[in-house]
Amino acid sequence: MTSNRLRTSVMCVFLVSISGAAVASAIDDGSKSHRTTPSGVHQELQQRIEKVLDRWCRWLSGYVRPVPGTDLYTISPKLKQAGHPYRNVAGNQFAAAAAAYWLARANPDEAVARPLRGLVKLSLVSHMAVPPVEHPQVFKWGARGNVWGSDDWHADLFAGTSGMLMLPGLPPAQREHLLKILAWEADFDVGVEVGTGYTLPQLGGSSKGESNAWTTMLIQAARLALPQSPRQAAWREAAIRYSLNSICVPGDVASDRVVGGKPLKERVKGANFEPGGIQEHHGFYHPGYMGWPLALQAYAQMIDEMLPEADRNPDVYLHNWQLAFERLKQGTFANGRFIHCAGDDWNAYGYGNDHILPIGIVAGARYRDPDAVRLAVEWLALAEKQQAITGGPIQGSRLARLQHEYHNDFAWYEAISGATLACALWVLERADTSAMPAPATEEQYNARNVGTYYEPGARLVWCRDRHRWASCSWRSAFGEWQAIVQPVALPHLLKFNHNSTGILQAAGGVSTKKIVASSTGALEGGFWSLGTIERAATAPRAGKPLVQQHQALIALPEGPSIFVDLCEAMEPIEIERSLGLGLRLAADVFNDHQVHLKSGGIERNFPPHPECDTWHDLAARSVTIEKRLSIHALAGEGSFQLMQKRRRAPDFSESPYPGESNAVEESLLGHELYFGPPAGATPRKVAPGEWFRKLVLVSYCDSEQTPSEPSGRVTGEPPCMAVHLPEVRRTVVINFADGEAAAGTVKVGPRSVAIAAQ
């Protein structure tokens, strides 16, 4: 592979000698490609996006800092920091792309334009192909590794985004720099055998859907910008290979279907997406990683349509696109927020979620999808709300500590938001929006995007109906699991980390969590899922588990949801604290920084506590959250307990949690709702084989179905219990045992659930 990375100075000279006028013509022609009258939706979106981008770029101009002794500017006050090497340059690249796009269309004062021009110049002269500026604070980037961590696919993302947004407005010398960069990166990718190393598609773990899409778009940008290059044929074939190995599913590997002139099986080397259309990354389902390939593949398709007809491949770049988009849409709230049902939402609302804006525009224009248009419009509204708080930045409304202490991480997330605004305008300039429909209403969106989705390979199931989102994942962030239920009308209710894991503290034990078994069954309009987790190991016993925790979530079709949490002692132990549920209720900029609860007939608002994390015993076995989600306890010792999180330090001097270095917990502050004994309760001694906690909760998201007080009952003893719900006339039997069991006349198989009519 090393020999394939080599390039010659002769080729570079040839490529950049192409007429700048020809390049500009190719790019500018693309912006007029729709040749139709823009729709009213198009015009409204364009005006609003332009306003947000203008405000963002003007903020950016005042935020970037000069690089001493140069005319360069950087969005990161420290160009080098520990951690991910690519983040030393990521913010600069994305912010520069957005700035260049804006500068070509705006007419700002010189005081505003100068720092942005310096940022654009930095993004270009720091690439290895130029050659880069030698300065201790200028970090080099580009493919062929080692200099910045062998992270070649991020170099493709940065170069491709620049090629997409920058070219028309660059002065001649900088245009030549960018053409060199595009050729450098595209030639490197031609020399990489797709399906090996970091290009190999794989399910779960480190999937390559996003990175192969980044490379696809980079090559497409090079093809458009350098039409006379003798490398056109090689680039075209490489773009096809990378594209088909981006949004690829298991069936593609053996498919005889001809795409791009060859059967899929001759090009596709694996699968990044499960058969049902989701992509996992970092070992768990992460919808943000779906946003990237959907966006970049859409851009690649639009670039393909700008090329001469003989050079196009209309069946390549949107291969499996609708499958993935429809699945992502089912897992997205009506306000455009992705549902991270498998755990960690990182610095929530950032990273790939920003791409729902241009993705929604693409799908609205190409497929006349009113739901997609709604997602774009609503996501833009979220950006506008954040800017109203900050006066310019978008992520900065929630990531103040990152902005002050982790400059390059903040720059990366914030610059993605800015660049995505520019990408959305780029799409609007080139798409045929004449038939783009008006956005769907919230009711229409929630009525259409329903159904049960079970993906066995990802150990994930979810069900969405008109009122409720319920999901259970046995492969979540942090090596955990997660079960959640929430009304779809409350998109800002939850912070998607650690829900349902609960608290279990045993004397002499250390915190451990290991999933040892799980089972799932899909129902028409619902599902059941159960599993067993080993908890609370002790170091002196070489990590031998002290407790087995058994959990189940049953989403009844168009009805309530049942959550079961049981614990069984494996050794003689003293339980210091045992709390189930662990629902993390967001209290942030999107819900007026507070959570509204009703319990015991009393209504209360809980903002962040002014001093410290504070426990509240709600002294009730029923609670209603934000007047929409009601949870009733049918079994279990104790009452609902709320841990009210403390207000974050205004001077950013205090880390939210010891060792929490990335300000993830600051992103969406979340109070925690549990069920169990109050703080300070007497510890309990438990004998081996004894079951404790024995919690059964029923959640209601439809007010018309919600009883005024707990109406069900629980019979039987663990490991097999029956839950009787008279309001829906159902008996649900949950069996955690490895053998068949029965509750009354209802038999249930090993590690399974049975639902019977009463």
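Taking a cutoff of 4.0 Å between a charged side-chain nitrogen and a carboxylate oxygen, Arg466 and Glu443 do not qualify as a salt bridge. Checked for salt-bridge contact, Asp565 and Lys694 miss the test: no charged N lies under 4.0 Å from a carboxylate O. Between Arg621 and Glu709 there is no salt bridge, since no side-chain nitrogen of the basic residue lies less than 4.0 Å from a carboxylate oxygen of the acidic one. The residues Glu558 and Arg468 are annotated as not salt-bridged, no charged nitrogen and carboxylate oxygen being separated by less than 4.0 angstrom.
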Residue pair Trp292, Tyr351: steps toward the ring pair (Phe, Tyr, Trp, His ring centres under 6.0 Å) verdict | CA-CA 9 Å; Trp292 284 100; Tyr351 200 60; 5.4 Å; yes
Stepwise salt bridge (Lys or Arg N to Asp or Glu O under 4.0 Å) check, Glu637 with Arg684 = CA-CA 12 Å; Glu637 177 185 354; Arg684 174 184 176 185; 3.6 Å; yes
Run the numbers on Met721 and Val733 for side-chain contact (heavy atoms from CB on, under 4.5 Å), then give the verdict.
-> CA-CA 6 Å; Met721 304 170 69; Val733 182; over 6 Å; no
Given salt bridge (Lys or Arg N to Asp or Glu O under 4.0 Å), test Asp252 with Arg257 step by step and report yes or no.
-> CA-CA 8 Å; Asp252 291 342; Arg257 179 186 169 195; over 6 Å; no
Stepwise salt bridge (Lys or Arg N to Asp or Glu O under 4.0 Å) test for Lys513 and Glu534 | CA-CA 6 Å; Lys513 301 170 185 176; Glu534 292 180 345; over 6 Å; no
Ring pair (Phe, Tyr, Trp, His ring centres under 6.0 Å) between Phe284 and Trp481: does it pass, once the steps are laid out?
-> CA-CA 10 Å; Phe284 67 100; Trp481 69 101; over 10 Å; no
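Remark: Glu524 CD is loosely packed, at most 12 non-hydrogen atoms of other residues, nucleotides or ligands lying under 6.0 Å away. The neighbour count for Arg448 CZ, taken as heavy atoms of other residues, nucleotides or ligands under 6.0 Å away, is above 12. In this structure, Arg327 places its CZ atom where more than 12 heavy-atom neighbours from other residues, nucleotides or ligands lie under 6.0 Å away. Atom NZ of Lys598 sits in a sparse spot, with 12 or fewer heavy atoms from other residues, nucleotides or ligands closer than 6.0 Å.
Residues Tyr289 and His282 have side chains that bring a donor and an acceptor to within less than 3.5 angstrom of each other. Arg374 and Asn335 are not linked by any side-chain donor-acceptor pair at a separation below 3.5 angstrom, with hydrogens and angles left out of the test. For His498 and Glu480, the side-chain atoms include at least one donor-acceptor pair closer than 3.5 Å. Between the side chains of Thr532 and Arg751, a donor-acceptor pair is found at a separation under 3.5 Å. Residues Asn272 and Gln279 have side chains that never bring a donor and an acceptor to within less than 3.5 angstrom of each other.
Residues passing the side-chain contact (heavy atoms from CB on, under 4.5 Å) test with Ser211 are Trp153, Lys208, Trp214, sequence neighbours excluded. Residues satisfying the side-chain contact (heavy atoms from CB on, under 4.5 Å) criterion with Glu455, sequence neighbours excluded, are Glu274, Pro275, Ile278, Tyr453, Ala458. With sequence neighbours left out, the ring pair (Phe, Tyr, Trp, His ring centres under 6.0 Å) criterion links Phe333 to no other residue. In this structure Tyr454 satisfies the ring pair (Phe, Tyr, Trp, His ring centres under 6.0 Å) test with no other residue, sequence neighbours excluded. For Trp379, the side-chain hydrogen bond (donor to acceptor under 3.5 Å, both in side chains) test picks out no residue, with sequence neighbours left out. With sequence neighbours left out, the side-chain contact (heavy atoms from CB on, under 4.5 Å) criterion links Ser473 to Ala342, Leu460, Ser476.
Under the 4.5 Å side-chain criterion, counting only non-hydrogen atoms from C-beta, Phe590 is not in contact with Leu493. Considering only heavy atoms from C-beta on, Asp617 stays 4.5 Å or farther from Leu642 through its side chain. The side-chain heavy atoms of Phe692 and Val547, taken from C-beta on, include a pair separated by under 4.5 Å. Ile247 is listed as a side-chain neighbour of Gln297, based on a closest heavy-atom distance under 4.5 Å. Put simply, the side chain of Gln548 does not reach to within 4.5 Å of the side chain of Arg535, judged on heavy atoms.
Ring geometry, Tyr367 versus Trp321: the interplanar angle falls from 30° to 60°, so the pair is classed tilted.
Centroid-to-centroid, the aromatic rings of His467 and Tyr700 stay 6.0 Å apart or farther.
Between Cys720 and Ala741, the closest heavy-atom pair is SG-CB, 3.7 Å. Closest of all the heavy-atom pairs between Asn735 and Gly749 is ND2-O, 3.0 Å.
When Ile755, Val696, Ile554 are each tested for a side-chain contact (heavy atoms from CB on, under 4.5 Å) with Val723, only one passes: Val696. Each of Val714, Leu697, Ile562 was checked for a side-chain contact (heavy atoms from CB on, under 4.5 Å) with Leu634, and the lone residue meeting it is Val714.
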